[in-house]
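One structure is given here, and the rest of the page talks about it.
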Amino acid sequence: MADLLQGWKRTHYCAEPTQNEVGREVLLMGWADSWRNLGALIFIGLRDRSGVMQITFDESALPKETFKLAATIRNEYVVAVKGTLYERAQGMVNEHMATGKYEVRAAELKILSISETPPIYIQDDLDTAEQVRLKYRYLDLRRPCMQKNLIMRNKITQVTHSYFAEKGFLEIETPMLAKSTPEGARDYLVPSRVQPGKFYALPQSPQQFKQLLMLAGYDRYMQIARCFRDEDLRADRQPEFTQIDLEMSFVDRDDVLEVNEGFIARLLKETLDYDVQLPLRRLSYQEAMDRYGSDKPDTRYGLELCDVSEAVKDCGFSVFTAAIEAGGSVRCINVKDGAAQFPRKKLDELAEFVKIYRAKGLAWMGLKADGLQCTFAKFLTEDQINVIQQKAGAEQGDLLLFVADGKNSVVYAALGALRQEVAKRLNLVPEDVIDLLWVVDFPLLEYDEEEGRFFAMHHPFTSPMDEDIEYMDTDPGRVRAKAYDMVMNGNEIGGGSIRIHSSQLQEKMFRTLGFSKEEAWNRFGFLMEAFKYGPPPHGGLAFGLDRLVMLITKASSIRDVIAFPKVQTASCLMTNAPDVVDQKQLDELCIATTAPKA
RNA sequence: GGCCCGGUAGUUCAGUUGGUUAGAAUGCUAGCCUGUCACGCUAGAGGUCAGGGGUUCGAGCCCCCUCCGGGUCGCCA
């Protein structure tokens, strides 16, 4: 039978007592992290979220009962110890332990709870399968590195709240039971019992509510908001995730950027003591794509893309010429540092790699000391080869890797990914630099060939650039948006836009997207109705909190910064959600299901 | 939906060409031990080889299907 607290009160966290407490009585409570029984002397490592303190039980200094009780302690028992803090004698100090200079010599002991042998080890260097860790998540969360991550997450939300509060932002909650939004990600639906056959959707973001808050006059809003998207998971994507969401009135783009780069600078200073140079660099979307093949470029290293279409457009290599004729391009990256020596096997691997991104293949040109080694040299004149090398800045020892495709999107995707892959393999990514920048001037619209119409690249409330409005009817593809993304080390950590606040412009936008008036009213009527009543100019941004925490803690998986995450099938291995429910619940909701029953 | 990787004691793994009773480390249990800190020593327990089917005299190993986990492409306004 476990002991009761009976008035015992903890005086310190386990790792807290230091020189001041030496010689004094302390009362610690925590989990047994280790036990070593030497017969007449027992050592227990006592752990809580602060760390571990060694507790010593000395048979000769304790009542028989107390010592006998101490001998029953096993890992993960919950223990309360009253004792005296001692400085350890020289030679007994444990250098590997933060509290290794001290120990508590126990006088009294309570075992508050016992534990079965845990299925995973409670320690940082753990190679247990994640499947097992997630099933016993509450044990996994006892590990110091997991506690460190969640404590850092808390620190980040604290800094967020205080920064935006100082800047005059109000935190206002928006509904979780909301209206399904067409376009965009798949919604999680919640059936209505009171109105059979109707559904709420869990919010993909508080987008429309925060815009309505602007209209309502709460001119600076923020919220740490849970969002839901029913799409496939990734190492950095969960179906439910958290955004630092904000919106401001009476602002244009630069006002939003300024507040938010101020935030990221404060955040990195307070969490990592890292100094960010402001203002952040800005890169247009087009420049980002042309130089890095990505709208979230990692600019900590070079390997920039180089367009050689002009040089090869008349060559005899049909792979290149066909790509250019189809409206695409031929581009390359220059891998320096003697990469011309890459063995054939490595090049084949890279060729396989770009195929993931739908590139048909990889051409290469190695400038070896003993001559040119090139997959397509015989189709090119010496002049053409020289122009390519000049454009790519190639020197002896360099390796040029080419992708050609009739679609520029394929060339960008393949080379953008290849750039990252090569940088990773050659260790070109500096670890201690934090690379922050804005990508701006995104296209407003994206053409979808399957559907045969334009879609909003960001969302349909994003404002076009003032000077591009005139092209919305004539050439929608060239209209740029007042949209912006913040990029950190090649990760999109936040994004937003200035919104449309004029009804006429909003209607023009819906027309461009091919919505009839009825459709638009049906889908966004409440917003359009509201916008009749004096919407202020406004815009905002949302940061992905989970990704921010990942980057700051250097976690390799988003699951390591979320207390209770989901696995790839969007289920929770601990609770076994989602699960079948009683027929009675389904009947109440008027839901028939063809899926397997309980 | 596609591609790639993985699943053997509680945990991490090994397991030869298909061949006797499936091993190691660690953890666990018991005993001994007063300065351990990866404590040590002695003894012991512990297996649905993910599941199902097939080939074979014989399957952890070969074949097929399913399930589970990871990465990724598509998808994620």
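Naming: A, B, ... by sequence-line order, numbering from 1 per chain.
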Under 4.0 Å protein heavy-atom contact, by nucleotide of nucleotides 66-75 of chain B - B base, S sugar-phosphate only:
--SSBBBBBB
Whole angstrom is fine here: how far is it from CG in A:L126 over to P in B:A38?
18 Å
Between B:C63 and B:U16, how far is it from one P atom to the other, in whole Å?
14 Å
Would you say A:Q223 and A:Q243 are linked by a side-chain donor-acceptor pair, where the criterion is simply a distance under 3.5 Å?
no
Output yes when at least one side-chain N/O atom of A:R36 is less than 4.0 Å from OP1 or OP2 of B:C39, else no.
yes
Side-chain donor/acceptor contact of A:S60 with base of B:U34 under 3.5 Å:
yes
Measure the distance from CD1 on A:I120 to P on B:U26 and round it to the nearest whole Å.
20 Å
Below 4.0 angstrom, N of the basic side chain to O of the carboxylate: do A:K296 and A:D485 qualify?
no
State whether A:N94 places a side-chain N or O below 4.0 Å from either non-bridging phosphate oxygen (OP1 or OP2) of B:G35.
no
A:I122 atom CD1 is separated from B:U11 atom P, nearest whole Å, by 13 Å
Length of the CG-C1' vector between A:N37 and B:U42, whole Å:
15 Å
Looking at B:G10, which nucleotide sits across from it as a Watson-Crick or G-U wobble partner, both distances under 3.5 angstrom, or is there none?
B:U26
Name the closest nucleotide to the A:Y121 side chain, picking from B:G10, B:C76, B:C28.
B:G10
Give a yes-or-no answer on whether the side chains of A:S50 and A:E16 include a donor-acceptor pair shorter than 3.5 Å.
no
Measuring only the C1' atom in each nucleotide, how far is B:U34 from B:C49? A whole number of Å is fine.
45 Å
From CG of A:D124 across to P of B:A38 the rounded distance in Å is 15 Å
Of all the choices, B:C28, B:C37, B:G10, which nucleotide is nearest to the side chain of A:M97 once you look at every atom?
B:C37
Atom-pair distance (CZ on A:R133; C1' on B:G10), nearest Å:
17 Å
Should the pair A:F515 and A:F510 be assigned to parallel (<30°), tilted (30 to 60°) or perpendicular (>60°) ring geometry?
parallel
Grab the two heavy atoms, one from A:C227 and one from A:S205, that are nearest each other, plus how far apart they are.
SG-CA, 3.8 Å
Does any N or O donor sit under 3.5 Å from an N or O acceptor when you compare the side chain of A:D58 with the base of B:U34?
yes
Please classify the nucleic acid contact of A:E103 as base, sugar-phosphate, or nothing, using heavy-atom distances under 4.0 Å.
base
Nearest to the side chain of A:A185, heavy atoms from C-beta on, is which of B:C76, B:U36, B:U34?
B:C76
Could you give the distance separating B:G52 and B:G40 at their P atoms, to the nearest angstrom?
40 Å
Identify whether the distance between the nearest side-chain nitrogen and carboxylate oxygen of A:R237 and A:D232 falls below 4.0 Å.
no
Rounding to the closest angstrom, what is the interatomic distance between B:G46 and B:A9 at atom C1'?
6 Å
Taking the same atom, P, in B:G6 and in B:A43, what whole-Å distance lies between them?
38 Å
For RNA chain B, whose closest nucleotide is more 5', that of A:A40 or that of A:M92?
A:A40
Do the charged groups of A:R133 and A:D560 touch, with an N to O distance under 4.0 Å?
yes
B:C28 phosphate, OP1 or OP2, under 4.0 Å from A:W35 side-chain N/O
yes
Rounded P spacing from B:C5 to B:C64 in Å
14 Å
Distance in angstrom units between A:Y136 OH and B:G10 C1', rounded:
9 Å
Applying the Watson-Crick and G-U wobble criteria at under 3.5 Å, what pairs with B:G35? Answer none if nothing qualifies.
none
With the threshold set at 4.0 Å, does a side-chain nitrogen-carboxylate oxygen contact exist between A:E349 and A:R425?
yes
In whole Å, measure the gap between the C1' atoms of B:G60 and B:C76 for me.
41 Å
Would you kindly give the CG-to-C1' distance between A:D127 and B:C13, to the nearest whole Å?
9 Å
Among B:U12, B:A30, B:U36, the one nearest any side-chain atom of A:Q54 is B:U36
Considering Watson-Crick and G-U wobble pairs with both distances under 3.5 Å, what does B:G46 pair with?
none
Please tell me which of the listed nucleotides, B:G10, B:U12, B:U36, lies nearest to the side chain of A:A129?
B:U12
What do the steps show when you test A:R478 against A:D468 for salt bridge (Lys or Arg N to Asp or Glu O under 4.0 Å), and what is the final call?
CA-CA 8 Å; A:R478 75 177 277 188; A:D468 289 355; 5.8 Å; no
Provide the Watson-Crick or G-U wobble partner of B:G18, both distances under 3.5 Å; none if there is no partner.
none
Below 4.0 angstrom, N of the basic side chain to O of the carboxylate: do A:R186 and A:D230 qualify?
no
Taking only the C1' atom of each, what is the distance from B:U8 to B:A25 in whole angstrom?
15 Å
